[in-house]
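Here's the structure, in structure tokens; my notes come after.
In what follows, chains are A, B, ... by sequence order, proteins preceding strands, each numbered from 1.
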Protein chains: 2
Amino acid sequence: MTGQVRTVDGRVAGRRGQETRQKLLDCLREMLSTSPYRDVKVIDVARMAGTSPATFYQYFPDVEGAVLEIAEEMAKDSVELKELIDGKSWAGKSGATTSEELVDGFLAFWRKNDAILRVVTLGAAEGDKRFFKIRMTVLNSVAKPLADAIKELQAKGQADKAQDAAAVAGSLISLLASAAEHQKAFTSWGVKVKDLKPTLAPLVYLGITGKKVPR
Amino acid sequence: MTGQVRTVDGRVAGRRGQETRQKLLDCLREMLSTSPYRDVKVIDVARMAGTSPATFYQYFPDVEGAVLEIAEEMAKDSVELKELIDGKSWAGKSGATTSEELVDGFLAFWRKNDAILRVVTLGAAEGDKRFFKIRMTVLNSVAKPLADAIKELQAKGQADKAQDAAAVAGSLISLLASAAEHQKAFTSWGVKVKDLKPTLAPLVYLGITGKKVPR
DNA sequence: CGGTAAGCTGACGGCATGACAGGACAAGTT
DNA sequence: AACTTGTCCTGTCATGCCGTCAGCTTACCG
């Protein structure tokens, strides 16, 4: 699919080149997590990687191009998220467990990729199609299987058929994403981080099954 | 409270100065809604306002400073949002209406201030205290009265007392905020924008009362 | 009309960007 | 070991934006 790694001017990158390229990506990722996106400069990334700005431009058209690369790597990792839904049960108490694990797993993934997801989210919100697509890949890795699960429940009469499964799944995933992005906000509302899961999980359960969590 | 408007070097701005300042803010707002935040340059804003970059720096320390100004204006407007909750009833059918109006009003506000809220959200996510505070002001204008409403319901035994009212209110407002920010995402899930309200409103109702929407 | 403070800008040093040509280097060939 | 070839890196340069300052213009007031 991706073929070989190429430089901006079309050369094929060899072993050494790929190492340099990767080091630049790593340093950029590091920079993104320590300074505002707007202030990330090519020269800083290059300096941190022990190389020169010119080298950076050998491998990436600009900062955004390199960020996209990092984001795509992350998007690939996001396939693991569908394991949070696939083969899980939503019936009774096990349903409550499923929704707790979903919340936990999703928040953990977001926390792990905090910095890059922030930039992806901004790019998507600004209407950049490439970032938008990446964000959708990540969210879909959960939203798609979740929508399927809801449809299945609806078929079995265990969920409200009047609700659009895709819309419900999307809303709930949005909820998780925004909670993940703004954990700090909750703290300032006087909500401890450990209270977050017990709050989100019932909401998810409620949204999907339309029933209160069993005790 | 704010006293007089002052230039960066301490002079008091007069009529003409305030006009220029305002024109710069207006142009910046315009730029934010048409190009990526990262690419907004002082020189472009100044050019659009028919003045010079030096003038911009008379009134604002940098682009971020000016953005903060715009954001603060918007935060003031957000007090109107509390009308979406205050004095509304959550009982029975009127509760369903309340939650629909809440969703509608909130989404409309977010849409109206789309561009600036995007930047505020990014700044907050990156840990900038000033942006964070502004975001909290906006969200609190709904979350606070909502939490109060939930507490009242709990006292009357019409809502689950085991739930932390502030946490529930926060989660629901987060849900609305993220849905507002990513309306495009829903479209790509095959969810029409008009389906969004009928999906979100029951979720809100459900989250607050713990009951299914009455028909 | 002169004084004073507000308002604006040209010009400048500094730094990031992005392009290129050429030197350094590794690996294989003779 | 010298040579060749293709990869890889960097010095350098033109360009353009940033952020500051001195100094000019404008408005107001006694």
Euclidean distance, atom [atom1] of residue [X] to atom [atom2] of [N] [Å, nearest integer]:
{"X": "B/Asp9", "N": "C/dA5", "atom1": "CG", "atom2": "C1'", "result": "11 Å"}
{"X": "A/Glu19", "N": "D/dC8", "atom1": "CD", "atom2": "P", "result": "10 Å"}
{"X": "A/Lys23", "N": "D/dC8", "atom1": "NZ", "atom2": "P", "result": "14 Å"}
{"X": "A/Gln18", "N": "D/dC9", "atom1": "CD", "atom2": "P", "result": "11 Å"}
{"X": "A/Gln22", "N": "D/dC8", "atom1": "CD", "atom2": "C1'", "result": "17 Å"}

N-O pairing of [X] and [Y] below 4.0 Å:
{"X": "A/Arg135", "Y": "A/Glu181", "value": "yes"}
{"X": "B/Glu69", "Y": "B/Arg21", "value": "yes"}
{"X": "B/Glu83", "Y": "B/Lys88", "value": "no"}

At 4.0 Å (heavy atoms only), tell me whether A/Phe56 reaches a base, stays on the sugar-phosphate, or touches nothing.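 No contact.
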Checking all strands, does B/Thr7 fall into the base, sugar-phosphate, or nothing category for heavy-atom contacts under 4.0 angstrom?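 No contact.
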Between A/Thr20 and D/dC8, is there a side-chain N or O to OP1/OP2 distance below 4.0 Å?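 For A/Thr20, the contact criterion (side-chain N or O under 4.0 Å from OP1 or OP2 of D/dC8) is not met.
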Distance test, side-chain N/O of A/Thr55 to OP1/OP2 of D/dT10, below 4.0 Å: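 Yes, within the criterion.
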What string of B, S and - do you get for nucleotides 14-21 of chain D 5' to 3' if you count protein non-hydrogen atoms under 4.0 Å? ---SSBBB
When every nucleotide of nucleotides 23-30 of chain D is labelled 5' to 3' by its protein contacts under 4.0 Å (heavy atoms), B for base, S for sugar-phosphate only, - for none, what sequence of letters results? --------
Validation: residues 105-116 of chain A side-chain donor-acceptor distances under 3.5 Å, sequence neighbours left out:
from: A/Asn113; atom 1: ND2; to: A/Phe109; atom 2: O; distance (Å): 3.1
from: A/Asp114; atom 1: OD2; to: A/Arg118; atom 2: NH1; distance (Å): 3.1

In this structure, are over 12 heavy atoms from other groups packed under 6.0 Å from A/Lys23 atom NZ?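 No.
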Heavy-atom side-chain contact between B/Arg38 and A/Val40 under 4.5 Å: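 With C-beta onward as the side chain, the pair touches.
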Show me the pairs that pass ring pair (Phe, Tyr, Trp, His ring centres under 6.0 Å) and involve residues 59-82 of chain B, at least two apart or across chains.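 Of all non-adjacent pairs touching residues 59-82 of chain B, those that pass ring pair (Phe, Tyr, Trp, His ring centres under 6.0 Å) are B/Phe56-B/Phe60.
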Looking at residues at least two apart in the chain, or sitting in another chain, which of them share a side-chain contact (heavy atoms from CB on, under 4.5 Å) with B/Gln22?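 So B/Gln22 forms a side-chain contact (heavy atoms from CB on, under 4.5 Å) with B/Leu25, B/Asp26, B/Glu73.
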Where the side chain of B/Ser52 is defined as all heavy atoms beyond and including C-beta, which of C/dT9, C/dG7, D/dC8 is the nearest nucleotide?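 Comparing C/dT9, C/dG7, D/dC8 against the side chain of B/Ser52, the answer is C/dT9.
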Partners of B/Glu72 by side chain to side chain donor-acceptor pair (under 3.5 Å), sequence neighbours excluded?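 With sequence neighbours excluded, B/Glu72 shows a side chain to side chain donor-acceptor pair (under 3.5 Å) to no residue whatsoever.
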